[in-house]
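The structure displayed is predicted, hence computed values, not measured ones. Note that ligands are numbered from 1 as they come in the structure, with each ligand's atoms numbered from 1 the same way.
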Amino acid sequence: MANSASASFFTQAKALLLKNITFQKRNVKTNVRLILFPVVLCVLLFMLQLLLDTQLDKSKFKCGCMCADNRTKISQCPDSEKRCGVQYSDFFQAPMCAIPNPVEWPPLLQLPAPPNRAVRTGFLPFFDLPDASCRRTDSCPLSLLFTGENHSFALSVSEKMFRSTLSISDFGSNFLAGLAVNVLGSESEPERNNFIEPAFSSDLPIYYLQTNCSGTENSGFSFPSPTGANNEIKCALAKNLWRNSSTDINSELYKGYQRGNSEGQVNEIVSAFDFLNSNGNRYNVGIWYNSTYRQDAGFTANALLRIPRSVNLISNSFLQFLLGPGTKIILEFVKEMPKPETIFRFDISSMVGPLFFTWVILQLFPVILTSLVYEKQQKLRIMMKMHGLGDRPYWMISYGYFLVTSVIYMLCFVIFGSLLGKNITIEFIPLRIYPFSLMLLTLFSGLKIFTVNDYSIQFVFYFIYINLQIALAFLVATMFSNVKTATVTAYIGVFGTGLLGGFLFRFLVENTSFPSKLMVGGWIILMELYPGFALHRGLYELAQFSIPGNRRGTDGMKWHNLSESTNGIKEVLIIMFAEWIVMLFAAFYIDQVLSSGSRKGPLFLLKGFQKKSPFQKLDTHMQVSKELSQMEKPDVIQEKEKVEELLLEPTINHAILCDDLRKVYPGRDGNPDKFAVRGLFLSVPPGECFGMLGPNGAGKTSFINMMIGLTKPTSGTAFVQGLDIRTQMGGIYSTMGVCPQHDLLWDSLTGREHLLFYGRLKNLRGSVLTQAVEDSLKGLNLFHGGVADKQVGKYSGGMKRRLSVAISLIGDPKIVYMDEPSSGLDPASRKMLWSVVKHAKQNRAIILTTHSMEEAEALCDRLGIFVNGSLQCVGNAKELKARYGGTYVLTVTTSSEHEKDVENMVQKLTPNGNKIYHLSGTQKFELPKEDVRISDVFQAVDVAKRKFSVSAWGLVDTTLEDVFIKVARQAQTFDTFS
Ligand SMILES: *[C@@H]1O[C@H](CO)[C@@H](O)[C@H](O)[C@H]1NC(C)=O
Ligand SMILES: *[C@@H]1O[C@H](CO)[C@@H](O)[C@H](O)[C@H]1NC(C)=O
Ligand SMILES: *[C@@H]1O[C@H](CO)[C@@H](O)[C@H](O)[C@H]1NC(C)=O
C-alpha cells in the first residue's frame, strides 16, 4: 500500500497524457470546431473561386464572337456560324483571342487634342506660338520644338519632316504603303498593345500633318480602316519651332504641362527634338515624348506604342537632308506579334491566400495560449506540481500534445485544400450526382497553392512553423495570468499580423523600384523575426509559384527553387528554425524561474547587484521582540526546545519540523515591510493532526504556502520527512497532499477522473488505483447517484470541497495540508468529512487551518493559535482551555437601572471578578475558578432575584472560542505596546 518511491518520469507523463486525452474528449465540440475552421475556410475560398470562375466564364472576359449573319444572338448561334476573333472583340476581349495574324496598323503620332494645343500665353510669350484665338475654332496648329548646336543644320533637317501636300500613291491593294509617306496622328489614347489601334474604333478624327493645309478641305480621301470604322480625316498644320537650348525646351514643356503651371492652362507640344552635335556626318538626336498620355493603372508604357512614328520622322528627314527628297525610309505599318488564346483566370487562393492562410495557421496560437494560461490562471499547474507532477513530464506532454494537435490541424488544412485544388477526372463520379459534380469539376482547379508546390517543402515549412508557434505560445503564456486578456491579445495579434503582413510585404517585397534594395532586404529580415510575418512571407513565396501568369510560372516550388536569390523562403526557414530553438529554451527557462515560486526569483541573475537588504537589522529587532513575547509563552518555548532537540538527532523521523521559519514581504510604495511569519518553531509527528487557528491575516496562509513550495522562506527552514523545503521540494511533493482553500479543479473532468489522475501521479496503478479511487469516493460521499461520473463543473460547492479533500488524501501521502477543508459544507457532509480526516490521520501528519472551533476540537490533537505571524500558544484543546480559561463566565441580563446592583453582587462573590462585556442591561463577568464555587453563584443570583427582576442569567465554563478571542486580543495589545 505504502508507496514511498515517487512516480517515474513516464508514469507522470502517462498520467498527464491520459488526463489530457479525457479532457480533450470532453472538449470534442471545441476541437471539431477548431479542426473544421480550415475546412470551412477552404470551402469558402472555393465558393468564391467558383463565383469568380462563373463570372470570368462570361463572354465579357473571352475573345469576342459574332454570328455570321450579324444579327442572331451569340448564345443562339450554331457553332458553325460563329466567327470569333479580334475584329469581333472590344479592348478587353481582344487580348484573349488567339491572334495568329495580327492586324497591320498605320503608324500614328500621338497628338494633343485641339483645345490643348500650345498657344501664346502670359507664361509662354513666344512670338512663334499661335495666337490663342485659334482655340475657338479648333484650328490651332500643332507645335514641335527643336534645338541643336548647329542652328542651320537643325533647321534644314527639321524642315523635311512634313510635306506640304497629301500624297497617295497607288500601291494596288496595299493601301498603307501608298499612304506611308504622309505623317498621320491621332489624339486617341493608346491601349496596352497594338492588337487593336484605338484611333480606328473611336470617332475621333485621323489627322495628316502638313506644313500647309489651305485647299485641303475636300481632299476626297477616305481611310479604309481594318475595323470598318469610318473616321473623319483632317489636315492639321504642323510647325517646327526653334529654341535656343534644350533647357529652354524643358522649361517650355514643363510650363505647358497641365499641372506644371499655376494658371491651370494647358499648352501641349507634340514632341521635341534635340539635334545635339549632329552634322552631315554624325547624327545624334534626343526625342521628347509624352509618356503620361494614358495614365490608368500606371500603364505609362502605352505611349511607347506611338513612339516609332516620331523616330521614323526624324530619321527620314536626315536621310532626305543627306540624299535628297527621292530617298525615303518608309514606316508602313506596326503590328503585334502573334499569340495564342489567353484564358483569363484568377486563382483566388494564390491572390488572397497568403492572408487567409496566415490567419488559419495563426488561429492555433490563441488556442494554445489560452489552454496554457487557463492552467496557470486556475492554478491547476501548481496543483499538479504539488501532487508530484515534475516539470519535464509536464513540458513533454503539453508540448507533444500541442504539436500533435497542430499537425492534425495542418494536415486537415493541406489535405482538404489539395482535394479542392485537384482536377479529379469525371469517370470516378457516381452518375447520381453527375450534373452537380460536373459543374463543380469543370471549375475545380482553384487552391493551387496546395497542389502545385512540392509537398515536402510545404511539410518542412509548416512543421517548423507550428513548432515555433508552440514555443512562442509557451513563452507568451509566462506573461499572462488571465485567460481573457490572453485571448483578446492573441486574437488582436492574429488579425493584425495577417493584415499588416499583407500590406507591408506587398509593399516591400514587390516594390522593386524601391530606392535601395539592400535597405529593404534588411527591413524584410527584421520583419521576419516576428513569427507571424515569417509565416506570411513563406506563404507568399509559395503562392508566387502558383499564380497563373506570374513570372515564377505555375509549376510550383521545388527544392531547387530554394537557391534562387529572389526566393525568400530559404531565409524564412532558417529564421524560424533558429527562433524556435531560442524561444523553446527561453520559455523553459522563464517557466522554471516562475513556476518554482520565488525559489529562484525572476531576477535571480541580478541578485549579486542588489544592495544588502535591511533584513540583517530586522532580524536583530525581531529577535528582541520574539524573546520578549516568548517569555510569557512557556508552551511556545517548550515547542522550540523540542524542535532544537529533534534537529540534533541524526535521523529526523518527524513528519514536519519548522526551524525558525520566517517570511517577510518587502514593503512597497513606502509601506513598511510586512512580517507574515516571524520565526516559527513547530514539530508535528506522524499520526497527529495539528490545527492552526488564527484571525484572518495572521499568516496562516503564508505559512502553508511556504510549506507547499509556493513561496520561499525569507529565513529559516522546515523539514518534511527529513527533506528541506528550500532545496528538496521535488522530493517532498511526492509524499504530500494539499487541499487548497479554493478548489483547483478542471470543470470538464469528472470527480473520478480527477482522482484517477492524481492517483497515477502518486504512482498508483492497476487494481490498487481503482480501489483507492473507489474507496475515497465512497468515503467522501461522492459515490452515490452517479456523482463520481458527473463533470465537476456541475458540482455544488460542497461537492467540490469534498473532492478537493479526496484529492489531497489519495495515494497515501505522508503529509497533508488542508486549508479550511469544511468551509461551505452542510452539517451532514461536514460530519462525514471529519470522520474521513479522523480516519486518515492515523498514519500521516495533517496540518489543518480552520475558523471553526468545533472542527478544531473534533479533529485536532494539538492546536496552535497564530496571531501576527507567530504562535501564541500550542497545546491540546483541554490544556489551552485550562491555561487560558481558569474562569467561569457569568452572564446576567436585567433592566438597565439595576446594573449597579448586579455589579455589587459580583463584587460580593469575588473581588477578582472582571467585567468583560456590557450592553444595555446585559453584562458578562469573568470569575476566577479558585475564588468561587458554583453553588455560591446560584445562591447569590437567587438572592438578587428577590430584590429586582433578572430577566436571564447563565454561567458557563470557558470554551475554545473564549480562549481564541482572549489569546488574539492579548497578542494584539502586546503587539501595539512592543
Ligand atoms: C552647320 O551645318 C552646316 C550644314 O547645314 C555646315 O555647313 C556648317 O559648317 C555647320 N557649322 C558648324 C559650326 O559645324
Ligand atoms: C535666342 O537667341 C537669340 C540670339 O542669340 C536671342 O535673340 C533670343 O532672345 C533668344 N531667345 C530666348 C528665348 O532666349
Ligand atoms: C502629356 O499628356 C498628359 C495627358 O494627356 C497631359 O495632361 C500633359 O499636359 C501632357 N504634357 C505635355 C508636356 O504636353
Among all residues two or more places apart in sequence or in another chain, which pass the side-chain contact (heavy atoms from CB on, under 4.5 Å) test with Lys328?
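Expected list: Val181, Asn316, Gln320, Ile330.
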Atom pairs, nitrogen or oxygen, ligand 1 to protein, under 3.5 angstrom:
{"from": "ligand 1", "atom 1": "2 (O)", "to": "Asn150", "atom 2": "OD1", "distance (Å)": "3.4"}
{"from": "ligand 1", "atom 1": "2 (O)", "to": "Asn150", "atom 2": "ND2", "distance (Å)": "2.4"}
{"from": "ligand 1", "atom 1": "11 (N)", "to": "Asn150", "atom 2": "ND2", "distance (Å)": "2.7"}
{"from": "ligand 1", "atom 1": "14 (O)", "to": "Asn150", "atom 2": "ND2", "distance (Å)": "3.4"}

What's the shortest heavy-atom distance between Ser315 and Ile329, and which atoms?
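Between these two residues, the closest heavy atoms are CB-CD1, 4.0 Å.
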Check each atom of ligand 3 against the heavy atoms of Leu253 and keep those under 4.0 Å away; list them by number with element.
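In order of number, 13 (C).
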Return yes if some donor-acceptor pair links the side-chain N/O of Asn150 with the main-chain N/O of Ser278 below 3.5 Å, else return no.
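Checking the backbone N and O of Ser278 against the side chain of Asn150, no donor-acceptor pair under 3.5 Å is found.
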Using only atom types and a distance under 3.5 Å, with no angle test, would you say the side chain of Glu541 pairs donor to acceptor with the backbone of His536?
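No; judged by distance alone, with no hydrogens or angles, the pair does not exist.
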Answer yes when Arg243 and Asp128 have at least one side-chain N-carboxylate O distance shorter than 4.0 Å, and no when they do not.
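Answer for the salt bridge query: yes.
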Could you say whether the N/O atoms of Asn244 and ligand 2 ever approach to under 3.5 Å?
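Checking ligand 2 against Asn244, an N or O pair does fall under 3.5 Å apart.
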Could you tell me how the ring of Phe318 sits relative to the ring of Phe153: parallel (under 30°), tilted (30 to 60°) or perpendicular (over 60°)?
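Taking Phe153 first and then Phe318, their aromatic rings stand perpendicular (interplane angle over 60°).
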Considering only heavy atoms from C-beta outward, does the side chain of Val119 approach that of Leu129 to under 4.5 Å?
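With C-beta onward as the side chain, the pair stays apart.
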If you measure every N or O of Asn290 against every N or O of ligand 3, does any of those distances drop under 3.5 Å?
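Asn290 vs ligand 3: N/O contact under 3.5 Å present.
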